[in-house]
Amino acid sequence: MSQAFLEAVRPLLGPTALKTAPDALEAFAVDWRKRYVGKPLAVLLPETTEQVAAIVRLANEHRVALVPQGGNTGLSGGATPDASGSQVVLSLSRLTRIRHQDSDNKTLTVEAGVTLQQVQEAADAMGLLFPLSLGSEGSATIGGNLATNAGGTGVLRYGNARDLCLGVEVVTATGEIWNGLRGLRKDNTGYDLRDLFVGSEGTLGLITAAVVKLFPKPAAVMTALARVGGPADALRLLQLAQAQCDAALTGFEFMSSVSTGLVVEYFPDVARHGAQMIGGQDGKPGYPTVLLEISHPESQEAATTMLDRLMEKALEEGVVQDASVAQSVAQAKALWHLRETITLSAAEDGPHIKHDIALPISSLVTFIAAMDQEMQSAYPGIRLINFGHFGDGNLHYNVAPPPALAAGKTKTERHQIFKDFLQTHEDTIRKMVHDRVVAMNGSISAEHGLGQLRRDEAKRYKSAVEQNLMKTIKTALDPNGILNPGKVL
Ligand SMILES: Cc1cc2nc3c(=O)[nH]c(=O)nc-3n(C[C@H](O)[C@H](O)[C@H](O)COP(=O)(O)OP(=O)(O)OC[C@H]3O[C@@H](n4cnc5c(N)ncnc54)[C@H](O)[C@@H]3O)c2cc1C
């Protein structure tokens, strides 16, 4: 059946768009964190929506499962095929046209495979701003961003990918094309199908193009790195910043000393830029910090005054112990790079237990204090790599094995030791964290999605009613179970 499918698909695509050679499949078979390794039957790289639709129709005919993939930067294993050798990766990365620019409507219509960075650059060339921003933006695609409802650093002011999308074009799970590319800010004409596909992680339909919302560019953007006593101070600083800056506050990231300590250890050149605030160098203690961004619509002067006033007040009230304001775009970029390098540093350190939790902002401090205590008493020496989009109530509360376990070992040995630790303790630790999150009315996936990593966890916490509604939608839209089986549900 599978070979017959490939033979049927072959004439639809160009010679380089159907890959079956093992070495050509490798990059598509493993996720970014190298946690999941699949065995695809083939990889298909169509270039048009019509080709995608034809592939899906044939997949239904031959009952072949398709695993959609964009930039393959997802952190939940959603784009990785299983190990059966029967699933086909359908990469949307060659749908790369920018179809339409509308400056007056402040929208861009782009195909799914355009990278997030290219969307930002296209908006910039129009004199506008596309504010979605992620550490992976050079490779992540807009299709993947929408399929995962990506968050990132600008959610506080601009919302997540869902809020930035006005319309989508979708190839349905049965191979029809739905053109929902409407650039409308108001449209109450029945069920919101767009929102059904956004965040569905490739299980309900294939997003082939989207209309995204652009904003006026701020006149000035200022970035500061502030040393705080801990999460309680971070929360007070957030309240102060929101009171004083209101909508001009566009970024608010918390970084624990353990998380920046990883950057100091593995990427010292990157850490150098925030050295004075984060500490942790030459055996000295590290400090928790907040990375804060102000975007002002008027002028550089107005932005500087706003940020200076905020920092003065925060210092005066003892909320902040020290602060450094970036004096140039290059300095601001270096501070953001520090923040974004935490994920890379963690990958270098070895396998960690990742959490992507959301809580009401008012519960963050209590959660962290109680969770830290519970973890440290259950697993003495464990490292809590707590950082994230604090201003949205989103923490990456990651847990790493005690470093003593791998003292004096090579990198390969360390990774193996940490892998073994995860095998023994991951389920228990994950349950400890998620039980507390759910008890505090939080979410076990703020922005990375369920994929295969959190699929079973979601089953544990979602009510039967919610699970049944989700299954009903899946069965109605994908009756043959062709799209991304084994993910989300
Ligand atoms: C260094 C780093 C930093 C990151 N920072 C953030 C962050 O701050 N916030 C955040 O939210 N995420 C972050 N991520 C995670 C990741 O970049 C996002 O989830 C991103 O949106 C995935 O896009 P992608 O194109 O790589 O999708 P992929 O990884 O290829 O796919 C992700 C999911 O979407 C599905 N999919 C992909 N394209 C389509 C399509 N066109 N139609 C239907 N389904 C599709 C796949 O089947 C899969 O389920 C980060 C990742 C890295 C590596």
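Counting starts at 1 for both ligands and their atoms, in listed order.
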Open item on the list: Taking only non-hydrogen atoms of His448, do any sit less than 4.0 angstrom from ligand 1?
Closed with: yes
Open item on the list: I'd like the name of whichever of Ile342, Asn149, Thr141, Val198 reaches closest to atom 25 (O) of ligand 1 through any heavy atom.
Closed with: Thr141
Task: Protein heavy atom at shortest distance from atom 22 (C) of ligand 1 - done: Thr73 OG1, 3.4 Å
Task: Atoms in ligand 1 with a heavy atom of Leu206 nearer than 4.0 Å - done: 42 (N), 43 (C)
Task: Which of the ligand 1 atoms, numbered from 1, are nearer than 4.0 Å to a heavy atom of Asn484 - done: 47 (O), 49 (O)
Open item on the list: Closer than 4.0 angstrom, basic N to acidic O: yes or no for Arg99 and Glu169?
Closed with: yes
Open item on the list: Below 30° counts as parallel, above 60° as perpendicular, anything between as tilted: where do the rings of Phe252 and Phe390 land?
Closed with: tilted
Open item on the list: Quick test: of every protein heavy atom, which one is nearest to atom 35 (C) of ligand 1, and how far off is it to 0.1 Å?
Closed with: Ala147 CB, 3.7 Å
Open item on the list: Could you check whether atom NE2 of His337 has more than 12 heavy atoms from other residues, nucleotides or ligands sitting under 6.0 Å from it?
Closed with: no
Task: Region of Asn145 that comes within reach of ligand 1 [heavy atoms, distance under 4.0 Å] - done: both
Open item on the list: Considering non-hydrogen atoms of the protein only, which is the closest contact for atom 46 (C) of ligand 1, and what is the distance?
Closed with: Pro68 O, 3.2 Å
Task: Protein heavy atom at shortest distance from atom 28 (P) of ligand 1 - done: Asn72 N, 3.6 Å
Task: Proximity flag Gly205 to ligand 1, non-hydrogen atoms under 4.0 Å - done: yes
TODO: Answer with side chain, backbone, both or neither: which part of Leu344 has a heavy atom less than 4.0 angstrom from an atom of ligand 1?
DONE: neither
- [ ] Starting from atom 31 (O) of ligand 1, find the nearest protein heavy-atom neighbour and note its residue, name and distance.
- [x] Ala79 CB, 3.6 Å
- [ ] Provide, to 0.1 Å, the distance between atom 5 (N) of ligand 1 and the closest protein heavy atom, together with that atom's residue and name.
- [x] Gly135 N, 3.9 Å
- [ ] Could you pull out the closest heavy-atom pair between Pro46 and Leu95, with the gap in Å?
- [x] O-CD1, 3.3 Å
TODO: List every atom of ligand 1 that sits less than 4.0 Å from any heavy atom of Gly202, numbering the atoms from 1 in the order shown and giving each element.
DONE: 43 (C), 44 (N)
Open item on the list: Side chain or backbone, does Gly78 bring an N or O within less than 3.5 Å of an N or O on ligand 1?
Closed with: yes
Open item on the list: If you compare all heavy atoms of Phe5 against all heavy atoms of Ile55, which two are closest, and at what distance to 0.1 Å?
Closed with: CE1-O, 3.8 Å
Task: Arg227 to Thr289 - nearest heavy-atom pair and separation - done: CA-CG2, 4.0 Å
TODO: Could you check whether the rings of His355 and Tyr397 sit parallel, tilted or perpendicular, using 30° and 60° as the cut-offs?
DONE: tilted
- [ ] Starting from atom 24 (P) of ligand 1, locate the nearest protein heavy atom and write down its residue, its atom name and how far away it is, to 0.1 Å.
- [x] Gly71 N, 3.4 Å
- [ ] Have a look at ligand 1 and work out which part of Ala112, if any, has a heavy atom under 4.0 Å from it: side chain, backbone, both or neither.
- [x] side chain
- [ ] Please could you name the atoms of ligand 1 that Ala150 approaches to less than 4.0 Å, counting only its heavy atoms?
- [x] 11 (O), 21 (O)
Open item on the list: Using heavy-atom distances only, which candidate in Gly152, Gly143, Ala140 approaches atom 8 (O) of ligand 1 most closely?
Closed with: Gly152
- [ ] Could you pull out the closest heavy-atom pair between Glu348 and Arg414, with the gap in Å?
- [x] O-NH2, 3.0 Å
TODO: Among all protein heavy atoms, pick the one closest to atom 50 (C) of ligand 1 and tell me residue, atom and distance.
DONE: Ser136 OG, 3.6 Å
Open item on the list: Does the plane of the ring in Phe215 sit parallel, tilted or perpendicular to the ring in Tyr158? Use 30° and 60° as the thresholds.
Closed with: perpendicular
Task: Pairing of Asp187 and Arg194 as salt bridge, 4.0 angstrom limit - done: no
- [ ] Please name all residues satisfying salt bridge (Lys or Arg N to Asp or Glu O under 4.0 Å) with Lys459, sequence neighbours left out, ordered by chain then number.
- [x] Asp456
TODO: Determine whether the side chain, the backbone, both or neither of Ile207 has a heavy atom under 4.0 Å from any heavy atom of ligand 1.
DONE: both
Task: Distance-only N or O hit between ligand 1 and Gly74, under 3.5 Å - done: yes
Open item on the list: Minimum distance, heavy atoms only, to atom 38 (N) of ligand 1: which one of Ser445, Gly388, Gly144, Gly138 is it?
Closed with: Gly144
Task: Which segment of His389 sits under 4.0 Å of ligand 1 when only heavy atoms are counted - done: side chain
Task: Contact summary for Asn149 and Arg162, nearest pair of heavy atoms - done: OD1-N, 2.8 Å
Task: Side-chain donor/acceptor of Glu447 to backbone N/O of Gly152, under 3.5 Å - done: yes
Task: Glu340 near ligand 1 by a heavy-atom separation under 4.0 Å - done: no
- [ ] Please check if any side-chain donor atom of Arg94 sits under 3.5 Å from a side-chain acceptor atom of Thr16, or the reverse.
- [x] yes
Open item on the list: Looking at ligand 1, would Gly151 count as a contact under a 4.0 Å heavy-atom criterion?
Closed with: yes
Task: Nearest non-hydrogen partners of Pro40 and Leu25, listed with the distance - done: O-CD1, 3.4 Å
- [ ] Please confirm whether Gln69 comes within less than 3.5 Å of ligand 1 when only nitrogen or oxygen atoms on both sides are compared.
- [x] no
Task: Residues forming a side-chain hydrogen bond (donor to acceptor under 3.5 Å, both in side chains) with Thr412, sequence neighbours excluded - done: none
Task: Contact atoms of ligand 1, heavy-atom distance to Thr148 under 4.0 Å - done: 19 (O), 20 (C), 21 (O), 32 (C), 33 (C), 34 (O)
